[in-house]
Structures are given as C-alpha cells and as structure tokens.
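Encoded as structure tokens, the structure appears first; notes follow it.
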Amino acid sequence: MIRINQIHKSYVTGQNSLHVLKGINLKIEAGEMISIMGASGSGKSTLLNILGILDTYDSGEYLLDGLKINRLSERKAAQLRNKMLGFVFQSFNLVSFKNAMENVALPLYYQDVPRKKRNLVAMEYLDRMGLKEWAHHLPNELSGGQKQRVAIARALIGKPKVILADEPTGALDSTTSQEVMDILHEVNSTGITVIIVTHEHDIALRTNKTIRITDGNIKEIITNV
Ligand code: ADP
Ligand code: MG
C-alpha cells in the first residue's frame, strides 16, 4: 500500500535548515495497523504529513497504492486525499459551528453530494460510532472521546484505504484512549490500513507493528504480539 524509499525532508527558515527526515525507508502493506513512535520533534508528524500528501519531501520516492507521489498539483493531491486517505488529529479539528452530523458529512459536501443524501450517510457513520443521539449536538457539547469518534466517522465517510492518525489519543484520558483504539481496531478489521503516530507506549502496543524514529531515521521496527 505504501512504499517510501530514501525520503529526505528539511525545513528551511531564513538561513537555518533543519534536516528532519534523513533517508527514511518504509513499507506498509494493505490492511496493516502500525504505530510510529519517537521523541517530540523527531519528525513523526512530518512523516505522517508526507504520507498524507499534506506536505512535500525533498528527495527520495513515495508510492501510494502503486502511484508515484511527487510534486503533485494541489488539485491532484486533494483528489488523491479524498479518494484514498482519512485523517484523525489529536485536536479533533471539528468545525465548531457545525453539529456532529454536519461535521461527518463535510467530505461529502466537497464531493457535491446533495445535503439530504450526505446527512443520511453521515447518520449511518455516526450510528456505527454509537453517536446517533448526538447528531445534532455541537462539538463543544461533546466529550473528548465523542469528538474523536465524530472525527473518525468523518475520516471514514469518504471510504479511504488508509487512515492516518496523528496522536489520536493525545488529548484523551486512558480509558477513553482505549475506546478510541477499540474503534481504530474495528476500522482496521474492515481492511483499512491504519497508521497511528503516538508517544504513548500502551497505544503503540495495540498496533501490530511499531516503527521508532530516532535522529531522522527508523532505528527499529518492533512486532507487537
Ligand atoms: P514530531 O511530530 O515528532 O513531534 P515534527 O515532525 O512535528 O515532530 O517536527 C520535527 C521537527 O521539525 C521539529 O524540530 C519541528 O520544530 C520542526 N518543524 C516542523 N514543522 C516545521 C515547519 N513547518 N517549519 C519549520 N520547522 C518545522
Ligand atoms: Mg507531532
């Protein structure tokens, strides 16, 4: 599903250049559930953003589902993201003035699906997350765990092949974190590849494989049993 060969990425600000990724190689098969660990600032989000076609890389090669991802136009990148990828973030990134149903339906709005239809589909996804009764509530009326379930429903509504989650449990207590991991497991069991950035050990242990980034490189790949 994902092949990354010798990816380098530096951030240049003024006269300073920060070499964050120093020749990353990574192979992720369809249907895998993996975690990416590493110290704060080690480049986890940078790597995930490259995988999500939200950011570019300087050199190397990235193949997503056999497709070469390199210097795409923003239009083409958006098209691929819509078709292939779902995103989950630590801070949920819900639209505060839209209710749960409208937030979940948002990706379909951008695909020009009529309102009635997209709300109907959004309700199905909310139902899957056990949140049907919360459909008409605004994000600030939901708990952290409920917000993340709304965000996961929104990530799933476009039928992605890969879910990219950047510290999805970073803002949640440990019980709620495990519930979110239960959901991500369920998602993975439907065949969707799940990639989770985390700095929490117990979260990483709930994925099949953990990749550890140190000094801009993958230093070990651990198989979790
Ligand atoms: P992590 O997610 O592992 O904490 P990041 O990938 O966010 O790390 O960041 C890696 C390094 O790159 C950090 O030192 C961070 O400050 C720097 N960095 C991240 N994004 C940018 C940016 N847009 N411009 C400049 N430096 C950045
Ligand atoms: Mg990060």
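Throughout, numbering of the chain's residues begins at 1 and tracks the sequence.
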Query raised in the report: Will you find, in the side chains of Thr46 and Tyr11, an N or O donor that is under 3.5 Å from an N or O acceptor?
Result: yes
Query - Short side-chain donor-acceptor distance under 3.5 Å, Thr210 and Ser35 - result: yes
Query raised in the report: Just wondering, are more than 12 heavy atoms of other shown residues or ligands nearer than 6.0 Å to NZ in Lys117?
Result: no
Query raised in the report: Under 3.5 Å, is there a donor-acceptor pair between the Glu200 and Ser177 side chains?
Result: no
Report task. Nearest 0.5 Å please: distance from the CG atom of Leu21 over to the CD1 atom of Ile24. Result -> 5.0 Å
Query raised in the report: How many angstroms lie between atom CD of Glu32 and atom OG1 of Thr207, to the nearest 0.5 angstrom?
Result: 9.5 Å
Query raised in the report: Below 4.0 angstrom, N of the basic side chain to O of the carboxylate: do Glu102 and Arg115 qualify?
Result: no
Query raised in the report: Does the distance from a Lys or Arg side-chain N to an Asp or Glu carboxylate O, for Lys161 and Asp65, drop under 4.0 Å?
Result: yes
Query - Value rounded to 0.5 Å, distance of CG in Leu26 from CD1 in Ile221 - result: 6.5 Å
Query raised in the report: Going from NZ on Lys68 to OH on Tyr62, what distance comes out if it is rounded to the nearest 0.5 angstrom?
Result: 14.5 Å
Requested in this report: Return yes if a side-chain donor-acceptor contact under 3.5 Å exists between Arg118 and Gln111, otherwise no.
Outcome: no
Query raised in the report: Without hydrogens or angle criteria, can the side chains of Asp173 and Thr176 be said to hold a donor-acceptor pair below 3.5 Å?
Result: yes
